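On a predicted model such as this, the values are computed, not experimentally measured, just so you know. A, B, ... follow the sequence lines: proteins, then strands. Residue 1 opens every chain. No hydrogens, no waters, no symmetry mates; every other heavy atom, side chains included, goes into these values.
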Amino acid sequence: MAVKQISVFIENRVGGLAEVTDALGSANINIRALSISETSDFGILRLIVDDVNKAAKVMREGGFICQVTDVLAVAGEDKPGSIAKIISALTKGNVDMEYAYAFFAKNEDLAYMIVRVDDEEMDRAVRYLKDNGIQVVDEEDVMNL
Amino acid sequence: MGKFYDEEMETLPADKLRALQSERLVKQVKRVWDNVPYYRKKMEAKGVTPDDIKGIEDLHKLPFMTKDDLRDAYPYGLLACDRKDVVRIHSTSGTTGKRVVAFYTQNDIDLWDNCCARALTAAGADEGDIVQVSYGYGLFTGGMGLHGGSTKLGCMTVPISSGNTERQIQFMTDLEASILCCTPSYAAYLAESINEQGMRDKIKLKAGIFGAEAWTEEMRADIEKKLGIKAYDIYGLTELSGPGVAYECEAQKGMHINEDHFIAEIINPKTQEVIPDNEKGELVFTSLTKEAFPLLRYRTKDLCVLNREKCSCGRTFVRMHKPMGRSDDMLIIRGVNVFPSQIETVLLKEGMPPNYQIIVDRVNNTDTFDINVEMTEDMFSDRMSKISEKEGHLMAALKTMLGIQAKVHLVAPKTIERSEGKAVRVIDKRKLY
Ligand SMILES: [Zn+2]
């Protein structure tokens, strides 16, 4: 049920982020969702793209440091309280969330959220979400958004 | 002409001084040959015996000693007296292999105290003075060295040690300290604090003796102005005793080397040949009177110039210029010796490629120490907590190795500056030389 995410190391300086997105753009890779977390020295750019393997290859060839990991993609109605519902389901299940970020698809009534949980917690997290009536989306669904 | 602590020695004519050095050298060589197998082996390897050393003109026949010898002979291999005759040790910071442990008999301590008493006298002190010793006490030689000299001279000695600036200023004003001894960076920091607090009129300092790290003439002028004192330099090494190997007089034009205890030579660090006075090279010392830990022809790695011109103070001892750099890559950061190779060792041990760059600067009179490390796929993660964990682990390993805290910055691969294909490992912005 997991979705592949690519994370890229970026230095905290002007143009650091653009170098990555330019390289992906030139390789015709489409970015579906994006989040950045940063310290004073560096940032971690996390992306959901349409072709993660190609993206990883482009990054490595460009001298970037990257990693591909499994994350959960969940869908909720695009209305107040739906994200809260997802988070409270995970909290209730004692699933530790390392980070999360939301994204929206065009022409849809659904809001999506990427959630990073421990690799060993993945199955349990999916179960809790489903038990709470939350839709977990798979790779193919995300690509088709 | 100023005052002397030991006028006879400090003004000994050149020929008499040379005769004294020769006599002491011959005795010292015989002593180490008889008592230290390590020395005997080194001399044998060079085909030299004590019979070959008839005076100072034969000094060049002796092998050099380096920090490597100290490491090989650690801990007791160079001890030249009975262990029961040792009354104290001192040590530099740093980890095994880089740390120096030196031994002292009571006589060694007495002579060292004398050297420091000479330095204090040259800075204008006498038994009427109140000496605030704000160097660290303990294994470090600074505190106990100046403390010994000050006590010997009969000064009221304030063993306050380093740190706690508020208390420093309070003692200085309440007790009316007249001489301050500490590192130049701490002196500059104290000077700033005193002025900020509007205490300048309350202090009675007239002079300061500042050593154990490199400082510039600009820094001297700044400290002198801010505290209204004369600021004197002092030089020493734990290997030789501690502060007081050389000291500045009222002329403030180089430090007089206590030549009755130490012979100074300048060599070309590449060819190891002795070079003439007034030419820059590596400073080499032979200790003539040390009993417990006598080093012959010890290479300090400090680049320096010797000046035998007559000094206006009347002292006949040769003067050494402030060290003008290092012939190795050692850095002194916050008083701690740091070798770039130590950082390389840690990175390799942590499974990281040794791509790093040290950046040292001085901000508000305190050294800053940053290390840029190139990020690797192994260390990288999508999770910040995992990266922080590894970064923390690396910083702890560096602290253990170096003895001081460095700030680690993770940078993108292949971004560490390279000049002519060679990585630039050290950027020292302090401009100390
Ligand atoms: Zn002089």
Subject >> Which atoms of A/Arg13 approach chain B - backbone, side chain, both or neither, heavy atom under 4.5 Å >> reply: neither

**OP:** Check the pair B/Arg383 / A/Arg116 against side-chain contact (heavy atoms from CB on, under 4.5 Å), numbers first and verdict last.
**Re:** CA-CA 9 Å; B/Arg383 307 164 79 170; A/Arg116 174 66 155 113; 3.4 Å; yes

Subject >> Close side-chain approach of B/Leu410 and A/Asp41, heavy atoms under 4.5 Å >> reply: no

Original post:
Would a 4.5 Å heavy-atom cut-off, applied to side chains only, mark B/Glu377 and A/Arg60 as touching?
Top reply: yes

**OP:** Could you tell me which portion of A/Glu38 (side chain, backbone, both or neither) has an atom closer than 4.5 angstrom to a non-hydrogen atom of chain B?
**Re:** backbone

**OP:** Go through the atoms of B/Ser381 and report whether side chain, backbone, both or neither lie under 4.5 Å from a heavy atom of chain A.
**Re:** both

Original post:
Checking A/Val8 against chain B: side chain, backbone, both or neither under 4.5 Å from a heavy atom?
Top reply: backbone

**OP:** Count the heavy atoms of every other residue, nucleotide or ligand shown that sit under 6.0 Å from CG of B/Asp68, and state whether that count exceeds 12.
**Re:** yes

Original post:
Where on A/Gln67 is there a heavy atom nearer than 4.5 Å to chain B: the side chain, the backbone, both, or neither?
Top reply: both

**OP:** Could you tell me which portion of A/Tyr99 (side chain, backbone, both or neither) has an atom closer than 4.5 angstrom to a non-hydrogen atom of chain B?
**Re:** side chain

Original post:
So which heavy atom on A/Gly63 is nearest to which on B/Pro413, and how close?
Top reply: O-CG, 3.8 Å

Original post:
Which heavy-atom pair separates A/Glu11 from B/Ala412 by the least distance, and what is that distance?
Top reply: OE2-N, 2.7 Å

**OP:** With rounding to the nearest 0.5 Å, note down the distance linking CE in B/Met384 to OG1 in A/Thr39.
**Re:** 5.5 Å

**OP:** Answer yes or no: does atom CD of A/Glu77 have more than 12 heavy-atom neighbours from other residues, nucleotides or ligands under 6.0 Å?
**Re:** no

**OP:** Please test B/Met375 against A/Phe64 for side-chain contact (heavy atoms from CB on, under 4.5 Å), starting from the C-alpha separation and ending with a verdict.
**Re:** CA-CA 10 Å; B/Met375 184 58 132; A/Phe64 296 98; over 6 Å; no

Subject >> Atom OH of A/Tyr101 with >12 non-hydrogen neighbours under 6.0 angstrom >> reply: yes

Subject >> A/Phe9 vs B/Ile387, side-chain contact (heavy atoms from CB on, under 4.5 Å): CA-CA, chis, key distance, verdict >> reply: CA-CA 11 Å; A/Phe9 176 80; B/Ile387 299 180; 5.6 Å; no

**OP:** Can you tell which part of A/Thr69 gets under 4.5 Å to a heavy atom of chain B, answering side chain, backbone, both or neither?
**Re:** side chain

